[in-house]
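Both backbone and side-chain heavy atoms feed into the values below; hydrogens, waters and symmetry mates do not.
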Amino acid sequence: MTPVERKRAIEHGESFDRFPAVPFMSEFKCEFSGITPKDLWYDPVKMVEAEILPFNRYGYDRMVLGPNTRGIAEALGASFVYPAQGAPYLETPYLQEYVQLDTMEPVDAFRSPRIQIFAQAAELLAEEAGNIVPLEMSIGGPFTIAANLRGVETLLRDCRKHPEEIHRLMRLVTESQKSCIDLAAVYGFGIAMAEPVANPGLLGPKMYEVFVFPYTKELTDYAAEKTGKKVSLHMCGKTDRIWKYLSQYQLNEVSLDNIVDLALAAEELGSQVPIAGNVDPVGIILNGSPDEIRQSVLACIQQGSKAAKGYTLATGCDIPEMTAPEKIDSFMEAAREISKILIKGDHL
């Protein structure tokens, strides 16, 4: 089955060949494809190459383009440093004073030069792969984009000291993301989101309810309406204290950090929304043996597949760029082998 056929079969309650599998790779795609991080974020042709080359080898179940948190933050004025290797990083927070919000406008994805780079890539990728594998455009997370504009520590402090300004900033970001959703819909893409800064270890459930939940709910509802597809959301950290909020979103899945108890998530969160996870990308994928990878994949599928709303095998976060490519072969081979046995009802 192609990934599109597999997804369609699962959605319609029909037989399928294996559980969907998505190793999150981010800058690993640079090492694999021989391109620089700057190319991955600024060259639409190389963006597409960096999606197609690893897919052709591994055959996983989703391709994702930006703009992501970084691209939207840049479109709003932020500046990032792009090293020759490794993840880009924020230079200096753009939003030094909230008075700057008085003159800032939401991103128009159809006119922004920064976002139009991703539009070019989306058009190319849709033509190359749209009938084979589900495609998503990542729009980051509203609170994480706000943190990239204001700085994480300052933003968290301002949630208490200047809550009204945080809401102004969140509205600006949310409207920018909604424009990117409109753009994704043109090319038939679904939406991916990631909110590393909004995890309860940093923000806390009460603050999440006030500053993140209403905007994320608005975005997932809007994405489902505009694209006809539910959102894939990744949350870093231990998130059980906010599961009651995550369960209210329009989600294709919520992917969970490897520190989360997947069995508990399958029972409690997986009864409300589909879940994904959560093989350790460092301890297992980067540093583990093929057998250790297989055992972790087995444990995750056994636990996660008990989720009533559905399960996708995934890594708990991005795989480091220095990971040996053969490790992802082991991940996907284990996914195929174990899925086949479990779906047939045989014992391992």
Visitor: Can you pull the ring pair (Phe, Tyr, Trp, His ring centres under 6.0 Å) pairs that have at least one residue in residues 273-327, sequence neighbours excluded?
Guide: none
Visitor: Please enumerate all residues that pass side chain to side chain donor-acceptor pair (under 3.5 Å) together with Asp291, with sequence neighbours excluded.
Guide: none
Visitor: Is there a donor in the side chain of Glu27 and an acceptor in the side chain of Trp41, or the other way round, less than 3.5 Å apart?
Guide: yes
Visitor: Can you give me the closest heavy-atom contact between Arg150 and Gln96, atom names plus distance?
Guide: NH1-O, 2.7 Å
Visitor: Search all heavy atoms of Gln303 against all heavy atoms of Ala263 and return the closest pair with its distance.
Guide: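 What the structure gives for the nearest pair is OE1-N, 3.6 Å.
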Visitor: Under 4.0 Å between a Lys/Arg side-chain N and an Asp/Glu carboxylate O for Lys7 and Glu11?
Guide: yes
Visitor: Are Asp329 and Arg57 close enough for a salt bridge, meaning some N to O gap below 4.0 Å?
Guide: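 Here Asp329 pairs with Arg57 in a salt bridge, since their nearest N and O are under 4.0 Å apart.
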Visitor: Which heavy atom of Tyr249 sits nearest a heavy atom of Leu233, and at what distance?
Guide: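 So the minimum-distance heavy-atom pair works out to CD1-CD2, 4.0 Å.
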Visitor: Would you call Glu51 and Lys29 a salt bridge, taking side-chain N to carboxylate O under 4.0 Å as the test?
Guide: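 Judged by the 4.0 Å cut-off on N to carboxylate O distance, Glu51 and Lys29 do form a salt bridge.
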Visitor: Compute both the distance and the angle, then confirm whether Arg70 meets the cation-pi test with Phe80: under 6.0 Å from the six-membered ring centre, within 45 degrees of the axis.
Guide: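 So Arg70 does make the cation-pi contact.
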Visitor: Sequence neighbours excluded and cut-off under 3.5 Å, please list the side-chain donor-acceptor pairs for residues 181-202, or say none.
Guide:
{"from": "Asp182", "atom 1": "OD1", "to": "Tyr222", "atom 2": "OH", "distance (Å)": "2.6"}
{"from": "Asp182", "atom 1": "OD2", "to": "Tyr222", "atom 2": "OH", "distance (Å)": "3.2"}
{"from": "Glu195", "atom 1": "OE1", "to": "Thr144", "atom 2": "N", "distance (Å)": "2.9"}
{"from": "Glu195", "atom 1": "OE1", "to": "Thr144", "atom 2": "OG1", "distance (Å)": "2.6"}
{"from": "Glu195", "atom 1": "OE2", "to": "Phe143", "atom 2": "N", "distance (Å)": "2.9"}
{"from": "Asn199", "atom 1": "OD1", "to": "Gly201", "atom 2": "N", "distance (Å)": "2.8"}
{"from": "Asn199", "atom 1": "OD1", "to": "Leu202", "atom 2": "N", "distance (Å)": "3.4"}
{"from": "Asn199", "atom 1": "ND2", "to": "Pro196", "atom 2": "O", "distance (Å)": "2.8"}

Visitor: Would you please name every residue forming a side chain to side chain donor-acceptor pair (under 3.5 Å) with Tyr42, sequence neighbours left out?
Guide: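 By the side chain to side chain donor-acceptor pair (under 3.5 Å) rule, Tyr42 matches Glu74, Arg114.
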Visitor: Taking all non-hydrogen atoms of both residues into account, name the closest pair between Lys46 and Ile35 and its distance.
Guide: O-CD1, 3.8 Å
Visitor: Would you list the atom pairs, donor with acceptor, under 3.5 Å between side chains in residues 117-137 and any protein atom, with sequence neighbours excluded?
Guide:
{"from": "Glu136", "atom 1": "OE1", "to": "Ser232", "atom 2": "OG", "distance (Å)": "3.4"}
{"from": "Glu136", "atom 1": "OE2", "to": "Ser232", "atom 2": "OG", "distance (Å)": "2.7"}

Visitor: For the residue pair Cys180 and Ile115, what are the closest heavy atoms and their distance?
Guide: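 For Cys180 versus Ile115, the nearest heavy atoms are SG-CG2, 4.2 Å.
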Visitor: Is Arg160 paired with Asp158 through a side-chain N to carboxylate O contact shorter than 4.0 Å?
Guide: no
Visitor: CD of Glu153: more than 12 outside heavy atoms within 6.0 angstrom?
Guide: no
Visitor: Tell me every residue that passes side chain to side chain donor-acceptor pair (under 3.5 Å) with Lys226, counting only those two or more places apart in sequence or in another chain.
Guide: none
Visitor: With distance as the sole test, does Ser176 use its side chain to make a donor-acceptor pair with the main-chain N or O of Leu172 at under 3.5 Å?
Guide: yes
Visitor: Looking only at non-hydrogen atoms, find the nearest pair between Phe24 and Glu253 and report the distance.
Guide: CZ-OE2, 4.4 Å
Visitor: Should the pair Lys178-Glu218 be classified as a salt bridge under the 4.0 Å nitrogen-to-oxygen rule?
Guide: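 Yes, charged N to carboxylate O under 4.0 Å.
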